[in-house]
**Student:** 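Here's a structure for you.
Worth saying up front: this structure is predicted, and the values here are computed from it rather than measured. In what follows, residues are counted from 1 in the order of the sequence shown.
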Amino acid sequence: MFGNRIYKIDKNGKKRRVFWIRGLRIKFHGHNAQVILHEPVVRFRNSFMELSDDAKVIFKSSRTKLRQMYISAMSKNGTIEIGHDLLPNTNCRILNYREPNLHIKIGDNCMMGPNVIVQSSDAHPIIDLETGQAINRGADVEIGDHVWMTTNVTVMKGVKIANDCIIGANSIVSKDCTDPNSIYAGTPAKKIKDGVNWNHEFPKE
């Protein structure tokens, strides 16, 4: 396995190679994969990441902590890009795997409740018996800025979520959430309220 690299990038844009990240176990399965972490670097704890050939995982600067997160960058030539200050709870998974050239992008200041899954593929093909072709190809996922995915949310392949949205607990997002400042919930998730926003703290009474 050749050409795999882990980099940190400082505030001035200077890149330097490192060989391990505290709290994060990284497994390279192929060649020429990159993990790129912008300083200040997110703090990992009991987390695991694996990468395929030419895959790339990018974390923008963050002062938050990731606990028990699993990141699968097993899409050859695919990318996972995570914005500033992602705040996940425990046991969250970002899955970009199996099919090549898939991309997942999560915007700045997003929050994930426990057990959130974001995936760009079904992982295994469903084959049309007449044509012999897969009918469930993967597709890119794009999550906007300041999106709150609450407990047990699953974001499926090909989905786009607008800025400042809230995804209700136990929802499966299989279609685009196009309206910003809205709550989407259900299976599949549908808009149930608009004209809202969210914050980390309750306002003072």
**Student:** What's the separation between atom CD1 in Ile161 and atom CG in Asp176, rounded to the nearest 0.5 Å?
**Tutor:** 9.0 Å
**Student:** Whether the His84 and Ser61 side chains hold a donor-acceptor pair (N or O, under 3.5 Å, no angle test) is what I'd like checked.
**Tutor:** yes
**Student:** Would you give the length of the straight line joining atom CG of Leu51 to atom CG of Asn96, rounded to the nearest 0.5 angstrom?
**Tutor:** 10.0 Å
**Student:** Tell me whether the count of non-hydrogen atoms from other residues, nucleotides or ligands lying under 6.0 Å of NZ in Lys76 goes above 12.
**Tutor:** no
**Student:** Are the side chain of Asn4 and the backbone of Ala33 linked by a donor-acceptor contact shorter than 3.5 Å?
**Tutor:** yes
**Student:** Would you confirm whether Ser47, through its side chain, and Phe44, through its main-chain N or O, come within 3.5 Å as a donor-acceptor pair?
**Tutor:** no
**Student:** When the ring planes of Phe2 and His31 are compared, do they come out parallel, tilted or perpendicular, using 30° and 60° as the limits?
**Tutor:** parallel
**Student:** Please answer whether the main-chain N or O of His146 pairs with a side-chain N or O of Trp198 as donor and acceptor at a distance below 3.5 Å.
**Tutor:** yes
**Student:** Are side-chain N/O atoms of Thr64 and Asp85 paired as donor and acceptor at under 3.5 Å?
**Tutor:** no
**Student:** Measuring from Asp122:CG to Asn136:CG, what's the distance to the nearest 0.5 Å?
**Tutor:** 4.5 Å
**Student:** Give a yes or no on whether the backbone of Gly13 and the side-chain of Asp10 come within a donor-acceptor separation of less than 3.5 Å.
**Tutor:** yes
**Student:** Considering only heavy atoms from C-beta outward, does the side chain of Leu102 approach that of Asp140 to under 4.5 Å?
**Tutor:** yes
**Student:** Indicate the atoms forming the closest heavy-atom contact of Cys110 with Gly144, along with that distance.
**Tutor:** SG-O, 3.1 Å
**Student:** If we only count heavy atoms from C-beta on, is the Pro114 to Asn152 side-chain gap below 4.5 Å?
**Tutor:** no
**Student:** Consider only side-chain N and O atoms of Tyr97 and Glu50, and report whether a donor and an acceptor are under 3.5 Å apart.
**Tutor:** no
**Student:** From Ile117 CD1 over to Ile94 CD1, what is the distance, rounded to the nearest 0.5 angstrom?
**Tutor:** 11.5 Å
**Student:** At their closest point, which heavy atom of Phe59 faces which heavy atom of Leu66, and how far apart are they?
**Tutor:** CE2-CD2, 3.7 Å
**Student:** Look at the side-chain heavy atoms of Ile, Leu, Val, Met, Phe, Trp and Tyr, link any pair under 4.5 Å apart, and say whether Tyr70 and Val116 land in one connected group.
**Tutor:** no
**Student:** Measure from the side-chain N and O atoms of Asp145 to the backbone N and O of Asp108, and report whether any donor-acceptor pair falls under 3.5 Å.
**Tutor:** yes
**Student:** Might you work through the salt bridge (charged side-chain N to carboxylate O under 4.0 Å, His left out) test for Arg16 and Glu39, ending with a clear yes or no?
**Tutor:** CA-CA 11 Å; Arg16 73 181 189 278; Glu39 295 181 326; 3.1 Å; yes
**Student:** Roughly how far, to the nearest 0.5 Å, is the CG atom of Asp53 from the CG atom of Asn32?
**Tutor:** 7.5 Å
**Student:** Measure the spacing between CG of Asn46 and CE of Met69 and express it to the nearest 0.5 Å.
**Tutor:** 13.0 Å
**Student:** State whether a side-chain donor-acceptor pair under 3.5 Å links Glu99 with Ser121.
**Tutor:** yes
**Student:** Does Gly78 offer a backbone N or O that forms a donor-acceptor pair with the side chain of Asn101 under 3.5 Å?
**Tutor:** no
**Student:** Is it true that a side-chain atom of Arg43 and a backbone atom of Arg63 form a donor plus acceptor pair closer than 3.5 Å?
**Tutor:** yes
**Student:** Heavy-atom count around Arg17 CZ within 6.0 Å, excluding the residue itself: above 12?
**Tutor:** yes
